[in-house]
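Throughout, residue positions are numbered sequentially from 1 according to the sequence presented.
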Amino acid sequence: MRKVIGKKLYDPTKAEKIAVYSNGMDADDPMYEEEALYLTASGNWFIFGQGGPSSSYACPIGNGRGGRDIRALPSESAKAWLVEREFDDLVLEHFGEGFEDA
């Protein structure tokens, strides 16, 4: 899957996969959700996500099916995504400035 957002093409096959997160549900669970954070060669962040019919990736026409989507992210949102999911090493690798030892 690839998607045009604005005037940019987001394609997971041409970007670096940084991290993958799943909510821990089985893939056949209606609440199942999995997201992969990507970084393009030109420095743009995006999420490729998929999920069941009760997830945030549910088919928008409400037919009881799951779905998938690509969502562009500003840098601060990508950083927050990594922090919320406790990918601490990746936060420091990609957004290392602004942190100090406790």
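For the pair Leu37 and Leu73, the minimum side-chain heavy-atom distance is below 4.5 Å. Taking 4.5 Å as the limit, every side-chain heavy atom of Trp45 sits out of range of all side-chain heavy atoms of Trp81.
Screening residues 69-89 for salt bridge (charged side-chain N to carboxylate O under 4.0 Å, His left out) gives Lys3-Asp69, Glu35-Arg85, Asp69-Arg71 as the qualifying pairs, with residues at least two apart or on separate chains. Among residues at least two apart or in separate chains, there is no salt bridge (charged side-chain N to carboxylate O under 4.0 Å, His left out) pair with a member in residues 51-60. For residues 37-61, there are no salt bridge (charged side-chain N to carboxylate O under 4.0 Å, His left out) pairs, not counting sequence neighbours.
Checked against side chain to side chain donor-acceptor pair (under 3.5 Å), Ser54 has no partners two or more places apart in sequence or in another chain. Under the side chain to side chain donor-acceptor pair (under 3.5 Å) criterion, Ser42 pairs with Thr40, Asn44, not counting sequence neighbours.
Rounding to the nearest 0.5 Å gives a distance of 13.5 Å between CZ of Arg68 and OG of Ser55. A distance of 10.0 Å separates CD in Glu33 from CD in Gln50, rounded to the nearest 0.5 Å. With values rounded to the nearest 0.5 angstrom, Leu39 atom CG is found 5.0 Å from Ile18 atom CD1.
In this structure, Tyr32 belongs to a hydrophobic cluster whose other members, linked by side-chain heavy atoms under 4.5 Å apart, are Met25, Met31. Clustering of Ile, Leu, Val, Met, Phe, Trp and Tyr by side-chain heavy atoms under 4.5 Å joins Ile70 with Met1, Ile5, Tyr10, Tyr38, Phe46, Phe48. Its side chain within the 4.5 Å cluster rule, Val4 clusters with Leu9 among the Ile, Leu, Val, Met, Phe, Trp and Tyr residues.
Hydrophobic clustering keeps Ile47 apart from Val20 (ILVMFWY residues linked when any side-chain heavy atoms are closer than 4.5 Å, directly or through intermediates).
In terms of heavy atoms, Pro53 sits closest to Ala58 at O-CB, 3.2 Å.
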